[in-house]
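Per chain, numbering begins at 1; letters A, B, ... match sequence-line order. From a predicted model like this one, the values you see are computed outputs, not experimental measurements.
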2 protein chains.
Amino acid sequence: MKIVVADDDRQMLGALRIILTAHGYDVLVAADGRQALDAAIEGHPDLVVLDLGMPGLDGLAVIDAIRGWSTVPILVISGRTDSAEKVDALDRGADDYVTKPFATDELLARIRALVRRMPTADDEPRVAFADVIVDLATRRVTRADSPVRLTPTEWRILELLVRNPDRLITRETILTEVWGPHHTSDSGYLRLYLAQLRKKLEADPAHPRHLITEAGMGYRFVPQGE
Amino acid sequence: MKIVVADDDRQMLGALRIILTAHGYDVLVAADGRQALDAAIEGHPDLVVLDLGMPGLDGLAVIDAIRGWSTVPILVISGRTDSAEKVDALDRGADDYVTKPFATDELLARIRALVRRMPTADDEPRVAFADVIVDLATRRVTRADSPVRLTPTEWRILELLVRNPDRLITRETILTEVWGPHHTSDSGYLRLYLAQLRKKLEADPAHPRHLITEAGMGYRFVPQGE
DNA sequence: CGGCTCCGTTCGGATTCCGTAAGGAGACGG
DNA sequence: CCGTCTCCTTACGGAATCCGAACGGAGCCG
């Protein structure tokens with residue numbers, strides 16, 4: 001769940017970043033309207049938290065710009081309490097409006113309420129190699145148009161590799177990403193799962209062409225094995 | 001555009017009715033929680049404006065009851081300004097929370113913002129699989145042309161799955177969507193409801209073809225089980 | 001060639017997870 | 001007050017999954 005937070009007050013911005021990160025959100029910060037707009041475009045967030053009192057590009061203009069191409073929920077934060085600005089912001093496309101100062105737990109509850117309304121974003125890519133299709137949106141893997149059953153651990157490893165094509169993933173990275181930050185020593189089970197994945201996805205498991213071992217370092221997913 | 005307005009303060013209720021009617025809404029009034037619930041059930045409104053401080057059936061209980069079978073937007077009005085009640089109301093399924101006293105134009109703007117998010121009841125899809133038809137607009141389920149009785153919780157789980165066909169829904173997602181954001185541990189009751197749904201909808205509950213279990217991960221609704 | 005490291009593979013037990021049944025707590029209507 | 005409905009806890013058998021241990025092979029170096 002990715003959130004863009006825009007506020008020109010550095011202290012407030014930092015506080016929001018810490019709070020939201022602590023509650024499990026991925027946070028992209030922006031210190032002015034221009035950065036907010038860029039972050040909203042580049043980051044594909046699930047929510048935008050926008051302070052209205054920003055220099056440069058005005059907060060209301062940011063709402064207009066975002067609404068020009070996106071329906072992402074926008075939660076406005078503002079120091080102004082007069083209803084005129086609330087009405088203006090809401091009618092331009094904002095979904096909620098909170099006045100400073102605000103209670104942190106209320107902000108979090110309003111964020112949850114907005115995210116709850118969001119249809120699950122399905123801009124997840126579909127990765128294909130050989131006769132295998134990995135659909136990250138539906139969490140489904142098909143090979144030659146027939147479904148492949150993966151265990152949860154197998155899926156997590158495959159997802160990690162597939163999301164980073166052509167990049168080398170160290171064994172340590174896989175262990176911490178899949179088994180948690182405390183697992184750094186491999187007593188052999190990682191190789192087991194890689195073997196399992198190859199058995200299920202590679203044409204010739206003994207000579208893999210897409211799930212490549214980099215000796216001494218880790219593994220690499222190659223979409224188009226020559 | 002039909003709105004249910006519930007408030008035990010007759011003066012406030014009348015004022016809201018006049019204001020909303022003047023702005024082109026059809027208004028159904030309710031003077032207590034029981035009437036509010038009845039109106040929300042009978043009237044099929046596009047929005048519910050709910051005062052929390054009502055005698056008899058509590059406002060929070062009304063939210064629970066409505067959310068048991070409907071996703072209609074709920075805007076809460078309350079005299080209490082403490083964040084605890086705001087958080088509670090929002091997490092139970094309210095979409096917005098306005099404290100008294102409030103500016104009329106702000107309330108109207110928030111209503112517009114909520115209605116804007118709502119898909120009209122007409123474009124709600126009707127999902128069909130095997131001999132079962134799930135009508136998301138009327139919230140009815142029929143099997144072989146005869147109606148199927150679902151409990152509120154059963155309906156919510158089915159709706160979540162049916163709205164995301166072919167997609168894997170994690171157990172955690174179901175719990176937070178159906179039971180609220182603070183429920184993350186399943187002590188077994190989720191499996192119960194899935195078994196119940198399968199018993200009511202699957203031809204062979206022991207070998208489901210549409211409500212599929214993905215071991216260790218979650219559940220998946222497959223419209224066309226081959 | 002011998003020793004070493006690293007990787008792939010097989011096997012099987014321990015653990016977790018799932019489906020099902022039985023039943024209690026609480027709300028509701030009569 | 002009592003029957004009904006819904007929700008949820010507990011318990012248990014069976015299946016799926018996880019992972020430790022051990023073995024063999026490939027590559028590297030002296």
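- Each end of the helix from C:dC1-D:dG30 to C:dG30-D:dC1 gets its own axis from five base pairs, and the two axes differ in direction by 30°, given to 10 degrees.
- Protein atom CD1 of A:I157 is 14 Å distant from nucleotide atom P of D:dT17, rounded to whole Å.
- More than 12 non-hydrogen atoms from other residues, nucleotides or ligands lie less than 6.0 angstrom from CG of B:D204.
- Of the listed residues (B:L60, B:I66, B:D64), just one forms a side-chain contact (heavy atoms from CB on, under 4.5 Å) with B:V62, and that residue is B:I66.
- Whole-Å rounding puts the A:H207 NE2 to D:dG25 P distance at 15 Å.
- Each of B:D95, B:V98, B:V48, B:L50 was evaluated against B:L75; a single residue qualifies, B:V98, per the side-chain contact (heavy atoms from CB on, under 4.5 Å) test.
- Here D:dA16 presents its P atom at 21 Å from CH2 of A:W155, a figure rounded to the nearest Å.
- In this model, the phosphate group of D:dC7 is not approached by any side-chain N or O of B:W179 to a distance below 4.0 Å at OP1 or OP2.
- The NE2-C1' distance, from B:H183 to D:dC7, rounds to 12 Å in whole Å.
- A donor-acceptor contact closer than 3.5 angstrom links the side chains of B:T213 and B:R198.
- Distance CE (B:M217) to P (C:dC18): 10 Å, rounded to an integer number of Å.
- For D:dT17, one of the phosphate oxygens OP1 or OP2 lies less than 4.0 angstrom from a side-chain nitrogen or oxygen of A:R149.
- For D:dT9, the OP1/OP2 oxygens have no side-chain nitrogen or oxygen of B:Y189 closer than 4.0 Å.
- In this structure, the side chains of B:H23 and B:L108 come closer than 4.5 Å at one or more pairs of heavy atoms.
- Within 6.0 Å of the CZ atom in B:R112, the count of heavy atoms belonging to other residues, nucleotides or ligands exceeds 12.
- When side chains are defined from C-beta on, A:E154 counts as touching A:K200, because their heavy atoms get closer than 4.5 Å.
- A:R110 places a side-chain N or O within donor-acceptor distance of the main-chain N or O of B:Y97, the cut-off being under 3.5 Å.
- Closest to the side chain of B:R34, out of C:dG29, D:dC8, C:dC17, is C:dG29.
- In this structure, B:L211 places its CG atom 15 Å from P of C:dC18, rounding to the nearest Å.
- Residue B:L192 has its side chain nearest to D:dT10 when only D:dA21, C:dC17, D:dT10 are considered.
- OP1 or OP2 of C:dG8 lies within a sub-4.0 Å distance of a side-chain N or O belonging to A:T213.
- Taking only side-chain nitrogens and oxygens, B:R198 never comes nearer than 4.0 Å to OP1 or OP2 of C:dT20.
- Set against C:dC7, C:dT20, D:dC18, the side chain of B:A195 has C:dT20 as its closest nucleotide.
- Taking 4.0 angstrom as the limit, A:R191 places none of its side-chain polar atoms (N or O) nearer than this to OP1 or OP2 of C:dC6.
- Contact annotation: B:Y219 side-chain N/O to C:dG19 OP1/OP2 distance is under 4.0 Å.
- Across all strands, A:G216 comes closer than 4.0 Å only to sugar-phosphate atoms, never to a base (heavy-atom distances).
- D:dC7 atom P lies 15 Å from atom CD1 of B:I174, rounded to whole Å.
- Regarding A:K200, its NZ atom lies at a distance of 12 Å from the P atom of D:dA16, rounded to whole Å.
- Taking only side-chain nitrogens and oxygens, B:T153 never comes nearer than 4.0 Å to OP1 or OP2 of D:dT6.
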